[in-house]
Structure formats: structure tokens, C-alpha cells
Amino acid sequence: MAEKKMIRFIITRQDNPNSEPYKEEFDIPYRPNLNVIAALMEIRRNPVTADGKKTTPVVWEMNCLEEVCGACSMLINGKPRQACSAIVDHLETPIRLEPLKTFPVVRDLIVDRSRMFDALKKVKAWIPIDGSYDLGPGPRMPEVKRQWAYELSKCMTCGCCLEACPNVNDRSAFIGPAALSQVRLFNAHPTGAMHKAERMATIMGDGGLANCGNSQNCVQVCPKGIPLTTSIAALNRAATIQSFRNFFGSDEV
Amino acid sequence: MAANREFFNRRLHSLLGVIPVGVFLFVHLTVNYQATKGVEAYNKAAEFMGNLPYVLFLEIFVIFLPLLFHAIYGIYIAFTAKNNVHQYGWFRNWMFLLQRLTGIITLIYVVWHVWNTTIQAKFFNAEVNFDMMANIVDNPVTLTLYIIGIVSAVFHLSNGLWSFCVSWGLTVSPKSQRVFTWITMAIFVAMSYVGVTAILAFA
């Protein structure tokens, strides 16, 4: 019987947020259409390294398994993407798995993306519909605009854009492309537009829009194909108009 | 730094790079280009520029102070980036790196260039004319450094013009940004030609 084909994984591990990272190698029996998540499950089932040493199972985060939740983002062969949609057949071997570098590591491949969720709160990335009485139906949205907005709404806060952005790092307070694009989405919504001025004021503050240096890596790595750089440029235009109005213009809120 | 000044500072940095610093570079290279038409033509152009009305006011408020702000804030911007072209080698990411790199090179070059021209003229009674430049670039080392400095400055302006258009929301669509890449790179080639042929005329 021919020897079973094995796939080599080189995984960067870390035991806790403060310990030093180290690498471990694993051989996983090949199956057609194997994805990275399934390979990690294989390691969990039998946590033995390539040189036969017993080790602790590698931990990672996952949820939807269909590239809509963003939880399983990691560096796969150096590129930020979701492990669930990373098919082994399409990857160069050995396959290198590392945690995203922009976020604090919790353990192994699990990172803490809290800063992204904090950013969404900061820019009020929601439609305000709650009131102490029934506010009634909101204004309608044209169908073409809804379809356009749907593309922006695909953002799953996965963190790939922040990972690839050279201006998101520990030396800068940049909020990152994801939350900025959400500002464009919610400002475009007929009801969301009621908080437009607040959102603009937030992203025109420190750590906001102006930190973008146009490397345009974000739009290249976005797994959902969101036009992040177009969003940023559109917000730049809105911010230009807003700043002129703030200085020269109108007391209109 | 006071809170919420970042937006203003960034936009000011972007604006000053084009107006007046970019405009000044264009005028400067145009004057230099007169050197290709001979010693007389260059000396006449240099004399005209040196005798402009309010020349000290222009030098301080149109050249020196805007350049100083652009340089200092530019260093801050350059060193807050963590460049990653080795991992993400896309065109715009390279331009991002080159913009920061040429900014630093241009700053070093400009300090040196101002030292051996403007400072010599203002404080050591040297005269700004064709011979001054000919003496500076009379060896291959300084000539090469001058060419590197000029090309860096021109690249920084051209690509800076591209990001100026994005930062102010002029070019929003990917298509307009692509077209402006070609336009600004054409500006880079044209201004480099003018700048380099001018410096070679002195050598």
C-alpha cells in the first residue's frame, strides 16, 4: 500500500498573552477538499507533533465555517484570511499558521479583536430606532442604493484590513479601515443619517480618518471585497466639506 | 499636542506639500532649466528670482515655514508607519513606502542643498549664480547626490499629488485614482527630465 500523503503544518503557538511564541510542526493526513479548520480539528483529535512528541491541542476560534463571521481570521502562509475558506489544495506547503499580529494574542491562534468592536461603538455603527414610543416606519431606501449598501454591510469585523494596514500599529491610534467603511454605510442609510454629524465628528478626531496613508492594502486583503479605499476617499470628501462648513459656514446641525 | 488637532495637522501637511511647497519646486526647477540655455540665461533667471519684491517675506512664509512644518510633521508620519512591503508587495503599498523614503531623502538633501547655497549666500557673502552651482557639482559624487535628491523630491511631489487628491476627496472612485496614478507618474517623468537635465548643464 502506498504511503499516505501527509500535509505539513508549521504553527506559531503561544501559551498565554504574556509568554513567548514558539513554533510546532504537525503532519496531517491529506484528504481532498481539506480546509485549514478541518486540519486544526485533526490536530485537536491527536495532538502529536511531526517528530512524535505529545503536546497540547492547538486552540483557535471559529463559528460560522462559511466566511461570514470573521472569527477564524489568522495568517495563513503570511496572508490574513479565514481558516474556514482556506482550502489546503490551494495552499503552498508546508502551510504556516500564525495569529494575526495587530491584535493581542490570547492563546495560540486566538487573538483579541476588542479594539474593532470598540471602534464600532465609537462611530455609532448602528441605526438608531429605539425610542420611548413607536417611532413609526423609517424612510424608504431605493433598491439600487440598498444593493450598494449591502456590499458595505458584508463587513464581518474579521480584522484582515487592520492586519495589512501599515498605519494600524502600536505607534498610532488609527481606528482602521473597517470602522471607517461602516461610517459610510450607516451615514448612507436614511435613518442612520440622523447620526451622520456625530460619526463625522468622531472620525475627524484623533486616530480617525486622517491617519489613512493610502497604502490600499486593506482593499486587497478584504475577504468580502468591500471597497474600503473608495469608502475612505468618499469620507475624505465628506470630511473636506464638513470642515469647510465648520469653519466658514453654517450653524446648521 | 492638543486633542483633536490631528485632522487639521494632516490636512495642513497635505495642503502645504502642494501649495506652496510643490508650486515652489516647480518654479525652482523651471528656473534651473534656464541653465540648459547657457550661463547668461541662468544668471538672468536667478537674478530675477533673487530680486523679486518681498523676497524675504516670500522666502520665510512661502518657502521656509511651510517646508519646515511639512518636514517635521512628515517625519512623524513616516515613523508612525510599520512598512510591510515584504509581506504585501502591491503597487500602492510600494508607493506608500517610497513616499516616506523619498520624503526622508529629500529632507536630508534639502538641508544639505540649502546649506551650500542659501546659507552661503545669506551669511557668507557668496553669490548665487551659475558658477556657484558649477562648483558644487564639479565632482561625480556631489553630482550623483544632487540627481538623487532632485529625483526624490520630484517623486515625492508627484506621488504626493496623487495622495493629495485622495486625501481631499477629489479622486474617490478606483478608476479616477488609477487615471491619476498615470497622470502623476507622467508629471514625475517630465519634472525629473527638467530637473536632471538642468543639473547636468552645470556639471
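In the text below, chain A, chain B and the rest are named by the order of the sequence lines, each starting its count at 1.
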Leading residue by heavy atom contact count with chain B [cutoff under 4.5 Å; candidates [options]]:
options                                : answer
A/Ser243, A/Gly208, A/Ala164, A/Gly78  : A/Ala164
A/Ala173, A/Gly205, A/Gly213, A/Gly207 : A/Gly213
A/Ala239, A/Cys165, A/Pro227, A/Cys212 : A/Ala239

Side chain, backbone, both or neither: which part of [X] has a non-hydrogen atom closer than 4.5 Å to chain B?
X        : value
A/Ser231 : neither
A/Asn169 : side chain
A/Phe244 : side chain
A/Ala238 : neither

Give, as side chain, backbone, both or neither, the part of [X] having an atom under 4.5 angstrom from any heavy atom of chain A.
X        : answer
B/Ser14  : neither
B/Leu97  : neither
B/Trp162 : side chain
B/Trp90  : side chain
B/Phe8   : neither
B/Gln99  : neither
B/Arg10  : side chain

Do [X] and [Y] come within less than 4.5 Å of each other through their side chains, counting heavy atoms only?
X        : Y        : result
A/Val219 : B/Arg92  : no
B/Asn93  : A/Gln216 : no
B/Gln87  : A/Leu75  : yes

What is the distance from atom [atom1] of [X] to atom [atom2] of [Y], rounded to the nearest 0.5 Å?
X        : Y        : atom1 : atom2 : value
B/Ser167 : A/Ile232 : OG    : CD1   : 10.5 Å
B/Tyr76  : A/Ser172 : OH    : OG    : 7.5 Å
B/Tyr88  : A/Glu163 : OH    : CD    : 5.0 Å
B/Phe7   : A/Leu209 : CZ    : CG    : 6.5 Å
B/Thr80  : A/Asn211 : OG1   : CG    : 7.0 Å
A/Thr202 : B/Asn4   : OG1   : CG    : 9.5 Å

Within 6.0 angstrom of [X] [atom1], more than 12 heavy atoms from elsewhere:
X        : atom1 : value
B/Phe26  : CZ    : no
A/Tyr22  : OH    : yes
A/Lys154 : NZ    : yes
B/Lys82  : NZ    : yes
A/Gln147 : CD    : yes
B/Tyr193 : OH    : no
B/Glu47  : CD    : no
B/Trp94  : CH2   : no

Distance-only donor-acceptor check, side chains B/Arg11 and A/Thr240, under 3.5 Å
yes
At a heavy-atom distance under 4.5 Å, which candidate from B/Cys165, B/Ser163, B/Gly169 has the highest pair count against chain A?
B/Gly169
Considering only NZ, NE, NH1 and NH2 on the basic side and carboxylate oxygens on the acidic side, decide whether B/Arg5 and A/Asp206 come within less than 4.0 Å.
no
So, the side chain of A/Arg171 versus the backbone of B/Ala81: is there a donor-acceptor pair under 3.5 Å, distance only?
yes
